[in-house]
Novice: 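Dumping the structure here so I can ask a few things about it.
Numbers for residues simply follow the sequence, beginning at 1. Any value given below was found using the heavy atoms of this structure, including those in side chains, with hydrogens, waters and symmetry copies removed.
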Amino acid sequence: MNQKLLIRDLTLRDGQQSAFATRMNQSQVDRVLPYYRDANFYAMEVWGGAVPDSVMRFLGENPWDRLKKISHGIQGASNLTALSRGRNLYGYAPYPDEIIDGFFQHAVANGLNIMRIFDALNDVNNIQSSIQSIKKYGGKADCAVCYTIDPKYDDGQSQITPGKKGLIGRLFGKKEMKTQPGRTPVFTDQYFLQIARDMAAMGADMITIKDMSGLIPPSRVATLIALFKKELRIPIDFHTHCTPGYGLGSVLMAIVNGVDIVDTNIWYFSGGPAAPAIELIYLFCRKLGIELDVNMEAVARINAELLHIRKELDAFDAVKQFPVSFNPLTDQLPDEVDQLFDDAITAARRNDESALLAACHAIEAYFNFPLPDEKVKQAEIPGGMYTNMVAQLKQFNALDILDDAMKLIPSVRLDAGLPPLVTPTSQIVGAQAVNSILNLKNGRDKYANASNQFVSLVKGEYGKTPVPVDPLFREKITGSPLETPYDTSKYERQENPLLPEYGNMALARNEEEALLLELFPTVAGNYLRNIRAAAFAEKQQGDEALSSPAHPTSIKEVEPVREPAGHIVSSPMPGTVMKIVAKEGEMIDKGANLFILESMKMENEIIAEISGRIYKIYAKAGELVQEGQPIVKILI
């Protein structure tokens with residue numbers, strides 16, 4: 001019996017998220033659904049990840065509608081899958097079981113079949129509730145082991161100016177190096193296997209090796225897939241990206257070693273920061289005699305439409321490098337290129353990583369896929385984390401210290417318990433590395449302004465870290481040396497206010513909208529407010545317009561009120577005001593929390609540097625503010 005390989009298509013979620021900032025709108029998605037009905041993919045990843053946030057934030061669309069319309073569009077032809085972050089779901093805070101259960105109930109009701117569940121710390125306790133809930137409502141639990149590697153620790157000799165010892169050099173020294181735990185490898189094959197075993201014991205229906213960074217080389221794939229297939233009795237899926245140049249070779253290695261499912265994208269949405277192309281995997285499988293059971297004619301029809309859609313998404317295209325047109329059913333390869341596929345298979349069977357990568361890179365070069373990203377490869381961090389740090393430093397006009405911020409990542413990561421670098425910990429560690437290097441540059445302590453999320457991570461609220469956090473460091477950051485797990489009994493649901501300006505409509509009008517408000521307080525709050533405003537305006541259109549007054553009313557000129565001098569608290573960085581804590585007229589003490597600012601998806605509590613009375617608040621919750629924009633005035 002021939003080996004059969006199942007394909008999970010990522011195009012409509014991870015593909016467009018990796019390459020086009022999750023900007024596909026519903027009408028673009030709708031255009032490819034008729035062809036997907038015929039493609040016969042085992043599964044289609046269409047939801048989760050950044051989709052729920054992005055469709056509200058950038059497209060003004062309802063995430064639940066996205067899932068529901070795709071489900072109706074494909075009519076059960078493939079399993080629909082999504083990605084969630086265990087107890088964090090899609091936010092940056094752990095949620096209680098009631099929120100998790102409600103979320104899964106509605107996800108399955110709207111068409112979801114499989115949820116890929118991962119935890120950013122690989123703490124299996126954080127995924128147990130999600131496993132139970134997805135299975136409770138008839139879905140399957142795909143539990144993902146997050147692949148990561150031990151960091152390369154800086155030797156303390158990084159330079160900010162030639163010939164001088166840099167900030168990191170001043171930070172590190174013999175004393176600092178002692179905090180590294182003997183450099184004993186943490187992320188071994190047995191480490192990953194034990195996590196997978198624990199997930200299987202909790203009820204996982206399948207296990208995914210999730211390489212969100214594209215950092216797993218083919219040789220490591222060979223040992224992990226073989227080990228998992230030997231020790232586990234449930235299907236194994238392999239997920240990776242092409243950014244550092246391992247992707248195609250690693251997927252081929254997984255196939256040669258008997259993996260059950262691989263994740264791919266369709267041609268024009270593949271390669272570079274995304275997963276490998278199904279078309280290339282099809283060619284490999286045809287040579288290997290492996291059955292795919294995918295209708296490649298339907299895939300070609302999808303791809304033809306994706307070409308138009310990619311052109312429409314040009315403003316968000318991360319690569320702007322199109323692969324040459326290719327259909328494996330109709331286009332013949334030159335003999336020398338066809339031979340490269342044979343060479344790659346031979347190298348994979350011999351576990352010759354160097355020859356395998358050389359052949360795969362030559363194949364990708366022939367089809368004009370992006371070259372390996374050497375910066376991301378050397379940095380050994382996810383591509384999204386790298387671009388997030390670049391964007392953050394651009395906001396501060398400080399791109400010149402990017403290299404030093406990158407070199408600070410290993411120490412920040414180690415201080416925080418060596419978390420794997422995957423959302424949300426990749427953003428937490430990356431944002432803190434940027435903040436820390438800016439602190440050092442300005443003569444402040446490395447952790448002078450730790451984000452709320454970094455504090456929560458060190459405190460223990462995200463779960464157990466791969467290595468314990470130093471109690472002295474925890475006390476410095478959180479005020480207590482004791483590990484403090486997340487306490488769900490203290491969870492407070494988001495407010496759902498009535499909106500008097502829109503006829504006293506509630507901000508969230510049903511349970512699905514209330515769940516969006518729980519998971520995305522700022523983004524969903526703005527989205528729902530716009531929906532309520534539009535509904536109210538539509539209702540008012542039928543009302544009679546107010547008639548103009550018969551005689552114009554004279555307007556008395558009012559002199560502007562002169563504000564007293566006071567201490568202005570400005571926004572320290574660009575971002576969104578999540579919440580105004582202070583109230584006009586109240587007395588506050590130095591150190592009191594004034595407002596919470598969201599910047600680069602991190603929450604930052606902005607505190608008062610003096611005591612006094614709040615005279616005026618110049619911003620409101622949900623407002624976008626710039627660095628240096630006045631927010632609060634305090635009278636001394």
Side-chain angles (χ1 to χ4, degrees), residues 2-3 5 7 9-11 15 18-19 211 214-223 225 238-259 262-292 294 296-297 299-300 303 306-307 319 321-374 376-377:
N2 286 344
Q3 179 184 343
L5 181 69
I7 298 292
D9 175 73
L10 306 176
T11 305
S18 297
D211 174 30
L215 290 175
I216 186 168
S219 57
R220 190 78 187 272
V221 173
T223 61
I225 295 294
F238 179 62
H239 172 97
T240 191
H241 292 248
C242 297
T243 320
Y246 296 134
L248 183 60
S250 289
V251 170
L252 175 58
M253 186 66 87
I255 295 169
V256 167
N257 282 275
V259 75
V262 295
D263 294 3
T264 64
N265 286 310
I266 295 175
W267 195 253
Y268 286 116
F269 275 43
S270 68
I278 173 64
E279 291 85 352
L280 297 181
I281 302 307
Y282 168 78
L283 290 177
F284 279 125
C285 288
R286 194 166 66 181
K287 287 177 174 290
L288 288 164
I290 294 173
E291 183 182 353
L292 270 192
V294 172
M296 294 302 292
E297 291 181 353
V299 169
N303 193 47
L306 290 177
L307 174 59
V319 179
Q321 178 178 330
F322 285 63
V324 297
S325 175
F326 177 69
N327 183 338
L329 298 179
T330 59
D331 295 336
Q332 179 135 11
L333 294 175
D335 290 343
E336 63 273 18
V337 177
D338 187 69
Q339 182 62 45
L340 290 172
F341 284 85
D342 294 327
D343 293 345
I345 291 170
T346 299
R349 284 172 167 163
R350 291 202 315 256
N351 199 10
D352 184 344
E353 180 173 285
S354 179
L356 170 59
L357 290 176
C360 286
H361 290 167
I363 291 169
E364 290 172 316
Y366 171 78
F367 289 111
N368 197 42
F369 283 106
L371 296 172
D373 189 322
E374 291 299 326
V376 171
K377 183 178 180 180

Novice: Does any pair with a residue in residues 327-356 pass ring pair (Phe, Tyr, Trp, His ring centres under 6.0 Å), and if so which ones, sequence neighbours excluded?
Specialist: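 Non-adjacent pairs meeting ring pair (Phe, Tyr, Trp, His ring centres under 6.0 Å): Phe284-Phe341.
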Novice: Under a 4.5 Å cut-off applied to non-hydrogen side-chain atoms, are Met253 and Ile225 in contact?
Specialist: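 With C-beta onward as the side chain, the pair stays apart.
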Novice: Report yes or no: do Ser270 and Asn265 form a side-chain donor-acceptor pair below 3.5 Å?
Specialist: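 There is no such pair (donor and acceptor under 3.5 Å, judged by atom type) between the side chains of Ser270 and Asn265.
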Novice: Name every donor-acceptor pair, under 3.5 Å, that has one atom in a side chain of residues 326-335 and the other anywhere in the protein, sequence neighbours excluded.
Specialist:
unit_1: Asn327; atom_1: OD1; unit_2: Leu329; atom_2: N; d: 2.9
unit_1: Asp331; atom_1: OD2; unit_2: Asn327; atom_2: N; d: 2.8

Novice: Please report the closest heavy-atom contact between Gly258 and Gln3, naming both atoms and the distance.
Specialist: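 Of all heavy-atom pairs spanning Gly258 and Gln3, the closest is CA-NE2, 4.0 Å.
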Novice: Within this structure, what is the CE-CD1 distance for the pair Met296 and Ile266, rounded to the nearest 0.5 Å?
Specialist: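 Here the interatomic distance stands at 8.5 Å.
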Novice: Nearest 0.5 Å please: distance from the CG atom of Leu357 over to the CG atom of Asp352.
Specialist: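 The distance works out to 9.5 Å.
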Novice: Looking at every non-hydrogen atom in both residues, tell me the closest pair between Ala275 and Asp263 and how far apart they are.
Specialist: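 What the structure gives for the nearest pair is CB-O, 3.9 Å.
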Novice: So how far is it from Leu371 CG to Thr243 OG1, rounded to the nearest 0.5 Å?
Specialist: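 Atom-to-atom, Leu371:CG and Thr243:OG1 are 13.0 Å apart.
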Novice: Quick one: are Leu288 and Leu5 in side-chain contact, heavy atoms under 4.5 Å?
Specialist: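 Result no, sub-4.5 Å side-chain heavy-atom pair not found.
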Novice: Drop me the distance from Asp343's CG to Gln339's CD, to the nearest 0.5 angstrom.
Specialist: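 One finds 4.5 Å between CG of Asp343 and CD of Gln339.
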Novice: What pair of heavy atoms forms the shortest contact from Leu215 to Pro244, and how long is it?
Specialist: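 For Leu215 and Pro244, the tightest heavy-atom pair comes out as CD2-CG, 4.0 Å.
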Novice: Are any non-hydrogen side-chain atoms of Leu292 and Tyr282 less than 4.5 angstrom apart?
Specialist: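 Yes, at least one pair of side-chain atoms sits under 4.5 Å.
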Novice: With a 4.5 Å cut-off on side-chain heavy atoms, are Asn257 and Val221 touching?
Specialist: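 In short, these two side chains do not touch, never coming nearer than 4.5 Å.
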Novice: Residues two or more places apart in sequence or in another chain: which of them pass side chain to side chain contact (heavy atoms under 4.5 Å, CB included) with Leu307?
Specialist: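 Result, side chain to side chain contact (heavy atoms under 4.5 Å, CB included) vs Leu307: Tyr268, Lys311, Phe322.
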Novice: State, to 0.1 Å, how close Phe369 and Gly271 come at their nearest heavy-atom pair, and which atoms those are.
Specialist: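 Residues Phe369 and Gly271, closest heavy atoms: CD2-CA, 4.1 Å.
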Novice: Between Lys377 and Glu374, is any pair of side-chain heavy atoms under 4.5 Å apart?
Specialist: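 When only atoms from C-beta onward are counted, Glu374 and Lys377 do touch, with a gap below 4.5 Å.
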Novice: Using the side chain to side chain donor-acceptor pair (under 3.5 Å) criterion, which residues pair with Asp9? Sequence neighbours excluded.
Specialist: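 With neighbours one apart ignored, the set is Thr11, Tyr36.
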Novice: Using a 4.5 Å cut-off on heavy atoms from C-beta on, say whether the side chain of Pro273 contacts that of Val319.
Specialist: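 Sidechains of Pro273 and Val319: in contact.
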Novice: Please list all pairs meeting side-chain hydrogen bond (donor to acceptor under 3.5 Å, both in side chains) that have one or both residues in residues 356-372, counting only residues at least two apart or in different chains.
Specialist: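 Listed once each, the pairs are Gln321-Asn368.
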Novice: Is any side-chain heavy atom of Trp267 closer than 4.5 Å to a side-chain heavy atom of Leu280?
Specialist: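 Of all side-chain heavy-atom pairs linking Leu280 with Trp267, at least one is under 4.5 Å.
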Novice: Is any side-chain heavy atom of Phe238 closer than 4.5 Å to one of Ser250?
Specialist: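 Sidechains of Phe238 and Ser250: in contact.
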Novice: If I compare all heavy atoms of Ser219 with all of Asn351, which pair ends up nearest, and what's the gap?
Specialist: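 Closest approach of Ser219 to Asn351, heavy atoms only: CA-OD1, 3.8 Å.
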Novice: Quick check: closest heavy atoms across Pro276 and Val251, and the distance to 0.1 Å?
Specialist: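 Result for this residue pair: CG-CG2, 3.7 Å.
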Novice: Roughly how far, to the nearest 0.5 Å, is CG of Leu252 from CD1 of Ile281?
Specialist: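 One gets 7.0 Å once the value is rounded to the nearest 0.5 Å.
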Novice: Taking only residues at least two apart or on different chains, which pairs with a member in residues 214-223 satisfy salt bridge (charged side-chain N to carboxylate O under 4.0 Å, His left out)?
Specialist: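 The answer is Asp189-Arg220.
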